[in-house]
Amino acid sequence: MYTVDPRRTTSAAWADVWLGIDVGSDIALANTVGHEIIAAGLVNQDFIDHSTAHFEEYKEAVREWTLDRGEQVTGVPAEVIRQMAHDYATAETAQICWTLGITEHANATDNVLALINLSLLTGHVGRYGSGLVPIRGQNNVQGGGDMGALPNKLPGFQDVEDDEARGKFEALWGHPVPSEAGLHISLMLEAMGNKEITALYVIGENPAQSEADTAHTEALLDGLEFMVVQDIFLTRTAEMADVVLPAAAGWAESDGTSTSSERRVQRIRKALEPPGEAKDDIEIISLLAERMGRGWGIPTAEQAWDELRALSPMHAGMSYKRLEELGGIQWPCPDEDHPGTQFLHSWLWEDPMPREPAPFMPTVWVPPIDELSDEFPVRMTTGRRLDSYNTGVQSGGYHSPLRSGGIIEIAPEDGETLGLAEGDIVTVSSRRGAIDVPVYFHESLRPGLAFMAFHFPDEAAVNQLTIDAWDPKSGTAEFKATAVRIEKVA
Amino acid sequence: MSVTATAIQITIDGRPVEVAAGSTILEACRSIGEDQPTLCYLENLTPVNVCRVCVVEVEGSRTLVPSCSRLVEDGMAVATDSVRVRHSRKMVLEFLASSTDLTTADPVVAEWMDHYEADPDRYGPAAPPSDDRDSRATGHHHVSDGLAAETVYQPAKIDNTLYMRDYSKCILCYKCVEACGADAQNTFAIAIAGRGFDARVSTEFDEPLTNSACVYCGNCIGVCPTGALMFRSEYELRRADLWHEEDQTVTTTICSYCGVGCNLELHVQDNRIVKVTSPLDHSVTDGHLCIKGRFGYEYVQELGDLATTPIDIVLAEARTK
Amino acid sequence: MEVPATASERDAVDGLLGPPESGWDGAQRTARDGRVSFGGFHMAAAQRDLLLPALHAVQSEVGWISRGALDYVCKRLGVPPAEAFGVASFYALLSTEERPPRVAHVCDDVCCRPHGATEIVAALEAAFGPAGTVVDGATWHPSPCLGQCDRAPAVFMQLAGEADAVLTRTNGEAVVAMLRGESVVVDGQPATVVGDLLLGRMGTIDPTSVESHVANKGYEALRRALEMGSAAVVAEVKASNIRGRGGAAFPAGIKWEAVANAPEETRYIICNADESEPGTFKDRVLMEGDPFLLIESMTIAGYAVGAQRGYLYIRGEYPAATALLQSAIEQARTGGYLGPDILGSGFDFDIEVRRGGGAYICGEETALMNSIEGLRGEPRNKPPFPTQHGLFGKPTVINNVETLMNVPTIVVEGGEAFARIGTERSAGTKLFCVSGAVATPGVYEVEMGTTLGELIDRAGGAVGDLQAILLGGAAGAFVGTDMLDLPLTFEDSSARDVSLGSGVVMLFNESADFPDLLRRVAAFFRDESCGQCVPCRVGTVRQEELLARHLTSGRPLDRALLGEIEEVMKDASICGLGHTAAIAIRSAIDIGLLETV
């Protein structure tokens, strides 16, 4: 097991080898690995010939990524990159797993493509035990996408611009569905800035604290004419809303389904009565529809699910009964005799290929937007801690012996250089803002690298520091790379 | 991928039974509805076969064998209720009951004790608790006059907000160590320390959990058969005489935190979650959880939580409503 | 959370493991450490077997294992601290509580007890106070049998920063002086050794010199084996009918054949030199007197079964034998008798010595393997047997010292010639450890089939009025004089429901305090139970309590309950310790030794 992370995390300590790359040098590393696999003659040529396209373009694109250049950009010794490349290429099966360290960058999509290219180079995809594994950080973020909570998709990842697909929905709902893609969150914030969006209905999100460059986001939300927040908490965003609709907690106070990282749809069940006036999301939306003159009654979760199954082919075989019996089912599951799908992309190994070959997508490395300078010499990255979650509204509810609170961690060597003692309050400044937090030393960090968790916005509003530069393809902001300065509070 | 396992013929208490090669005797027994008592065995852990309550007699074997781990062999003749089996099971239960507090153990233990006519009192009155069980010298013991039966009674360890450890109830089944280690959590915060009757579950140098590698996944509690390890919530409720298992509902749902999709069993009393477990037979995590899934539910509670209010007060308030 | 180690603690560990390679395993942090680390789970697993040697290194240098020392060992090896603590606290010779630099472990077991130990304990109590009291950098503890019964009473000295030492035929004055840091003449008198086959070279060869070994027919057997080929060696050992001399009497040839035919390439040989059965000292005498022959025997065994490596696991209380064996291995390597391409045959083989840490249970073969692997010395459930799934999960032959040392004779003279010695089912000679109330305690080699009475006569006869004999060790049985006609064979002993065990013949006369001795035996099993399985962990306690209740309060002995305890320990314990923990006491009661009170 290899772990690639700027910090030597617990997973890195567990691994056979840890590669401590510079924040934002992921493409450089991937391209160097690709170059080395090609240079060493370790590509899976049969797979490339059979299942992929544009290999020559890729080869050309990584030509400059020699081991030396890789070391120069990532900071990791060349021989270690070489060893990883060889081990990955020659392994019988191999997976690349990643999470937000890859995707919370302004070039997030390219980061992912650079990794996909490696799997195409070696054939480590579409087979049992091999593959590409984006690990979801939230329990039902996959389910959100499945259900069409994406600006360009209908439930079941059917394109809104596909007339046939859209037609099915319109026929069943008896109402036209917009045929153009909507906006993702970063564009929505831009649209609020332009006053193209003046009203907002927020369900189960806390953008006032979760988005990069908090001060800017708050100003945008403040500038709205009307905001409705439907949530189980009175979040910072809810406090700013005109109307708050108290909701039931999805996982414990209502029935339904949830889709995990591995595309497994499982049942959630009501165990508690929701407090006060709080209601199930289905009920809230149904009542809203009724007030808007378009009542459809209040369906049960299972009725809503059965409608989804009628419209989304990948979910068609997943009756509540089967979900119960099988302990969840991984999509696609097109009919009630289908066991679900353990892994995707096995078609790459079929002969003849049922689809167009998978294209290599050459990627170009660019450094993080927020450059280091004499004024802001320290690279700060953000992340999670085991016992906490997102902005802390859920995990803050229990008393964890592990809780670190809002602190900044730096290398012990930097602590010495800066004349700091553990527990000292420091001002952390970026080009966007400054916050005061206690400082602690951690050996997982090397000089010049700092870390903060984003779970404690009230104590340590880290997103006052982060940059809102976002990836044009995914809409994700570059939470992971901020240039900061750390000074002791006098 | 499915390979048809070779079928093996054995007899259990004279009944012919056909089971797949590679099955344990216990699995063979269960396949015909003849469950055997087990304490240290659990489906989601590697058998350690230390409690010896599941022993059976195998024809031709000099000693009894642990059914939980011994694999079947063709022609094996197994007796689960012979005089020797009944004697060993009785004695094991007596040994445990005379040295350990089994008041919160799975109620089935009391049934076994009745069934095998275990009489723990015949070893004499229980010796009082001692406070030196974590510092006894290996290979040495205080020689007693033998009038009282030595016990593992000792003060409970309460060093954090989420767990308590009452090793007076520990039968040393090794399950918590396995769950903390390579069978599930790979944290290795606890291990068996010491030797003989002074063997115990311990962190390094008996450090409090808060100074150990513990990540509070609660998987040790999830597998504990005697209540030696308990969630603080359950422990405080029991102390306040507010734990009413008969009034609790158990609902299986999915964790609200990360994307793994762990199944949670919410134990609810008075519209409050009082404990979270996970089904052992579910393929996602085989009954194991992390700190968030195990404890991160307080945010849906109507009343305050342990961080600010002792749970017995919280629940007493809920009951008077 | 991590506590730093002192310089001497680090030096002790680094002395064994070499200096740390990176900041992640204990060196000064460098820029490279911010970019890469190696190790993780797999490396930790691969190094785990160095845990016990590393703990020993700290213990012997510093005198105890502090939190800082343990953390440093863990950092070096990647072992979780809780697990390392679990291992350290398993062994009586390792201390996780601060302990002074000089510690006397005073044998107060069944043989030393009536032969001077009681006086030593009294002297120590007078000079230092009760066991465990620390005075001026010294303390004392009672100890189970130290394997010096022929030279009783014995004391094992752990001296921080110095080599451990054993005092034999000693007395309270000498022990007190040594604990006070004064130099004491250590009794160097060898034991009485009588015998021709295994013991024939004793006293004539120099145990410190490979030349002496070679000059006395040393390595003839190895050369002969290499000429014969491995299959032929296995065949001779099978033909010899030799059965294990460690206590279980399992035919050695069957083990060898199983491992030689195992499908896996990696195989091991282990020499079980963890001689801890109370009353047993023959293996120590063999190792101290003829270490090269043991090394040669292991090499032949390794060759025969296709092993690449051998482990010699020796009890921690045998410092002299350990040093001699280590020196013998080094000399053998230099001479080309160990290492790559032994004697130009193309056979590669080497041997490592591993020290036990004061745990009787580690003489059990699977517990011993766990101990080598850096785990707690808890026996494994069998099956699978070591020949299939032994050390590090590989096919393993494990034989006792005496068993192995018969191999050169078998190779040179032939298996059939060996089988003709003794009886049909008990081939060869056998060493007996004769001690206690006897004229000349020592190791006696007799042909199998010699009677118990004849053996005792060889040792000059009993001293005083012979009351009982402990036959086979604490795991054996007390027998009366009606057993003197017992032919010493596996079949005869089994027919009369006793066991030769490890060859213990300990005599007791009218001065023996049997109730006291039986309580000591009960305490021994309680102390030495690993604690893993319920029947033994609790059964040994209840057995001791029942005995104590009877002897201290005069209540009638509950023999029925003792019998029930014996039955569950025998039937349901994991290993031989539990299976045999009640036999000696029951046998003593059966022949009326408890009724003398």
Side-chain angles (χ1 to χ4, degrees), chain B residues 47-53 55 63-66 69-71 84 87-92 95-96 98-99 122-124 135 137-141 143-150 171-172 174 180-181 186-199 202-205 207 211-213, chain C residues 1 41 67 70 80-86 89-92 94-97 131-132 141-142 144 358-359 361 376 378 381 383 519 523 526-535 537-542 544-553 561 564-565 567-568 570-574 579:
Chain B
V48 288
N49 51 64
V50 299
C51 78
R52 316 305 277 188
V53 78
V55 287
T63 57
L64 303 179
V65 306
S69 63
R70 180 63 175 270
L71 302 183
R84 286 172 70 193
H87 177 71
S88 278
R89 290 181 177 181
K90 175 186 81 166
M91 294 299 284
V92 163
F95 283 175
L96 290 175
S98 64
S99 58
R122 59 185 179 145
Y123 301 95
S135 57
T138 298
H140 300 279
H141 68 275
V143 177
S144 79
D145 58 13
L147 293 176
E150 187 76 55
I171 58 167
L172 221 64
Y174 287 54
C180 188
N186 284 300
T187 288
F188 305 98
I190 47 171
I192 305 292
R195 196 169 79 193
F197 193 74
D198 298 337
S202 181
T203 58
E204 61 272 24
F205 292 90
E207 291 279 1
N211 202 15
S212 77
Chain C
M1 295 208 285
F41 177 72
R67 175 76 208 261
L70 188 94
E83 292 220 333
F85 181 75
S89 59
F90 187 82
Y91 297 100
L94 304 179
S95 179
T96 54
E97 306 263 333
H141 294 281
I361 188 59
R376 290 164 55 80
E378 294 170 352
N381 213 69
R519 287 191 69 183
R526 174 175 172 175
D527 280 337
E528 298 301 332
S529 166
C530 78
Q532 191 184 195
C533 71
V534 177
R537 179 177 77 236
V538 186
T540 54
V541 174
R542 295 292 176 254
E544 187 192 32
E545 284 167 356
L546 279 181
L547 211 50
R549 194 192 301 180
H550 167 61
L551 294 170
T552 60
S553 74
L561 188 48
E564 288 189 49
I565 294 170
E567 211 173 320
V568 66
K570 197 176 69 191
D571 261 354
S573 295
I574 292 177
H579 298 157

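The chains referred to below are lettered A, B, ... by the order of the sequence lines, with proteins before strands, and numbering in each begins at 1.
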Please report the closest heavy-atom contact between [X] and [Y], naming both atoms and the distance.
| X | Y | answer |
| --- | --- | --- |
| C/Val538 | B/Phe197 | CG2-CE1, 4.2 Å |
| B/Ala199 | C/Arg376 | CB-NH2, 4.3 Å |
| B/Glu204 | C/Ala82 | OE1-N, 3.5 Å |
| B/Val143 | C/Arg519 | CG1-NH2, 3.1 Å |
| B/Gly194 | C/Phe90 | O-CD1, 4.0 Å |
| C/Pro535 | B/Phe95 | O-CE1, 3.6 Å |

Return the [atom1] to [atom2] distance between [X] and [Y], rounded to the nearest 0.5 Å.
| X | Y | atom1 | atom2 | answer |
| --- | --- | --- | --- | --- |
| B/Tyr123 | C/Arg549 | OH | CZ | 10.0 Å |
| B/Thr138 | C/Leu94 | OG1 | CG | 9.0 Å |
| C/Gln532 | B/Cys51 | CD | SG | 11.5 Å |
| C/Leu561 | B/Arg122 | CG | CZ | 5.0 Å |
| C/Asn381 | B/Arg70 | CG | CZ | 8.0 Å |

Which region of [X], side chain (C-beta onward) or backbone (N, CA, C, O), has a non-hydrogen atom less than 4.5 Å from a non-hydrogen atom of chain C, or is it both or neither?
| X | result |
| --- | --- |
| B/Ala148 | backbone |
| B/Ile192 | both |
| B/Val92 | both |
| B/Arg89 | neither |
| B/Pro47 | neither |
| B/Ser69 | side chain |

In terms of heavy-atom proximity below 4.5 Å to chain B, should [X] be classed as side chain, backbone, both, or neither?
| X | value |
| --- | --- |
| C/Pro144 | neither |
| C/Ser553 | side chain |
| C/Ala359 | both |
| C/Glu97 | side chain |
| C/Thr540 | neither |
| C/Ser89 | both |

Selection from [options] maximising heavy-atom pairs under 4.5 Å formed with chain C:
| options | answer |
| --- | --- |
| B/Ala137, B/Gly181, B/Ser144, B/Ser88 | B/Ser88 |
| B/Pro66, B/Gly139, B/Gly196, B/Ala191 | B/Gly196 |
| B/Leu147, B/Val55, B/Val48, B/Val53 | B/Leu147 |

For this session: Between chain B and each of C/Gly358, C/Ala572, C/Pro80, count heavy-atom pairs under 4.5 Å; write down the option with the most.
Result: C/Ala572

Problem set entry | Top of C/Glu567, C/Glu83, C/Glu564, C/Glu528 for chain B proximity - count of heavy-atom pairs under 4.5 angstrom | C/Glu564

For this session: Measure the shortest side-chain to side-chain distance between B/Met91 and C/Val534 over non-hydrogen atoms and say whether it is less than 4.5 angstrom.
Result: no

Exercise. Which one of B/His141, B/His140, B/Arg195 satisfies the side chain to side chain donor-acceptor pair (under 3.5 Å) criterion with C/Asp527?
Worked result: B/His141

Exercise. Are B/Ser99 and C/Arg537 linked by a side-chain donor-acceptor pair shorter than 3.5 Å?
Worked result: no

Exercise. C/Arg67 side chain to B/Phe205 main-chain N or O, any donor-acceptor pair under 3.5 Å?
Worked result: no

Problem set entry | N/O donor-acceptor pair under 3.5 Å between C/Arg542 side chain and B/Ser98 backbone | yes

Exercise. Step by step, would you call B/Glu150 with C/Glu544 a side chain to side chain contact (heavy atoms under 4.5 Å, CB included)?
Worked result: CA-CA 10 Å; B/Glu150 187 76 55; C/Glu544 187 192 32; over 6 Å; no

Problem set entry | C/Phe85 vs B/Glu207, side chain to side chain contact (heavy atoms under 4.5 Å, CB included): CA-CA, chis, key distance, verdict | CA-CA 11 Å; C/Phe85 181 75; B/Glu207 291 279 1; over 6 Å; no

Exercise. What pairs with B/Ala189 under side-chain contact (heavy atoms from CB on, under 4.5 Å), at least two apart in sequence or on another chain?
Worked result: B/Cys180, B/Thr187, B/Ser212, B/Ala213, B/Cys214

Exercise. Looking at residues at least two apart in the chain, or sitting in another chain, which of them share a side-chain contact (heavy atoms from CB on, under 4.5 Å) with C/Ala84?
Worked result: C/Leu51, C/Leu70, C/Cys74, C/Val79

